[in-house]
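Note sheet for the following structure.
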Amino acid sequence: MKNIYGLTLNELEQEIIDLGEKKFKTLQIYDWLYKKRVSSFDEMTNLKKELIEKLKNKYSLEPLEIIDKLEDTLVSKYLFKLKDNNKIEAVLMRHDYGNSLCVSTEVGCNMGCAFCESGRLKKVRALETDEMVKQILFIEADLNIRITHVVLMGIGEPFDNYDNVMKFIKIINEPKGIELGARHITISTCGIIPKIRKFMEENLQVNLAISLHAPNNNLRNRIMPINKAYPLEDLIKILKEYIDKTHRRLTFEYIMLNNVNDTKECALELVNLLKGINCYVNLIPYNETSHIEFKRSTNDRVMNFYDILKKNGIAVTVRREFGSKVMAACGQLRSHYEEE
Ligand code: SAH
């Protein structure tokens, strides 16, 4: 049975017509699902019994199953079990500007970044669209909040699950549904160039963040294997095209790894690489994990790096820390469970 949360408004419309029903019923159903948030078809009281039966026969409304939840004042981290027993995470962060949810897009990840816990467990499969949508629905209901921002920075590489991710964005952006503004959605990628090109053609207002983490090929090859397929000079070239076409500002994520990518030389190289590009750099304190030998940069090293970028005209921020107490680095909670 198909899970109804995986269908865009257009897709559901088509299926409702195929069931021999009037197209406008779709809006009523969407309203029950996403505005009123019912959990059964029987609660859709303005639909005829006959249509409710048809819906019951065709679609499931099954939500995600929660296995664990860790909470701190500003962060709630969820571990979910999927129907095939695979596990994924989602992390809710309470910012002063709103509630931001970090969504997983795959079970595991094949990108193999050396510092990342998610990639230690290889990709098992891509997430279905409904499994992404339901991360939002579950957590909004559980915490009784509205999520105002979504970042695709959980487990997985969003551009390795391109079609389902685009459908997910369409569904959560739908004004008749969850109605999350495109400008409040951010896709983070390690730099899969053909998918960046495709994404650029979609003409969406969605933000793009690039996990850069190194200013030259030598170092980037060592910590991010994807760089061997799509080296920095090609990545920067497509990103310049992206900015020309979309007029949108890019984010570069840069994890601070002690004595690896946080030297003065690295900072200067980064300045050269990004000069003139409409972007800002987000320096990310590394969440250490027991399985990986990288250490987080000391505060001094982060501040020196920051100063060099700033003095050289690169817009830069240091990411506020959320969840290291609750194992918030992507993949840490899941990997903890898989090991038990
Ligand atoms: N695959 C995508 C999105 C998921 S990772 C990407 O590469 O962008 C989201 C971000 O978290 C990436 O920038 C990633 O490099 C970073 N990250 C991974 N492990 C981390 C850790 N232990 N501490 C801090 N950031 C981490």
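In each ligand, atom 1 is the first atom listed, and ligand 1 is the first ligand listed. Hydrogens, waters and symmetry mates are skipped; everything else that's a heavy atom, side chains included, is used.
- Between Lys69 and Asp142, some side-chain heavy-atom pair lies under the 4.5 Å cut-off.
- Residue Gly156 places at least one N or O, backbone or side chain, under 3.5 Å from an N or O of ligand 1.
- Side-chain contact between Asn304 and Lys264 is absent, with no heavy-atom pair separated by less than 4.5 Å.
- No donor-acceptor pair under 3.5 Å is formed between the side chain of Tyr34 and the backbone N or O of Glu179.
- The ligand atoms of ligand 1 that sit less than 4.0 angstrom from a heavy atom of Ser211 are 6 (C), 7 (O), 8 (O), 12 (C), 13 (O), 15 (O).
- Numbered from 1 in the order shown, with element, the atoms of ligand 1 that lie under 4.0 Å from a heavy atom of Thr189 read 6 (C), 7 (O), 8 (O).
- In this structure, His213 is part of the shell of residues with a heavy atom less than 4.0 angstrom from ligand 1.
- A heavy-atom distance below 4.5 Å is found between the side chains of Met111 and Ile192.
- Taking a cutoff of 4.0 Å between a charged side-chain nitrogen and a carboxylate oxygen, Glu157 and Lys123 do not qualify as a salt bridge.
- At a 4.0 Å cut-off, not a single heavy atom of Cys109 sits close enough to ligand 1 to count as contact.
- On a distance-only criterion, Asn287 and ligand 1 share at least one N/O pair closer than 3.5 Å.
- Closest heavy-atom contact between Leu235 and Ile193: N-CD1, 3.5 Å.
- In this structure, a donor-acceptor pair under 3.5 Å is present between the side chains of Asn207 and Arg248.
- Of all atoms in ligand 1, numbered sequentially from 1 with element shown, those under 4.0 Å from a heavy atom of Cys116 are 18 (C), 19 (N).
- With a heavy-atom cut-off of 4.0 Å, Met153 touches ligand 1 through backbone and side chain alike.
- Ligand 1 places these atoms under 4.0 Å from at least one heavy atom of Cys190: 6 (C), 7 (O), 8 (O).
- Heavy-atom proximity to Gly154, at under 4.0 Å, picks out these atoms of ligand 1: 4 (C).
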Kindly indicate, with the supporting measurements, whether the criterion side-chain contact (heavy atoms from CB on, under 4.5 Å) is fulfilled by Phe305 and Leu270. CA-CA 10 Å; Phe305 200 92; Leu270 190 59; 3.8 Å; yes
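- Every atom of ligand 1 with a heavy atom of Tyr286 under 4.0 Å away is listed here by number and element: 21 (C), 22 (N), 23 (N).
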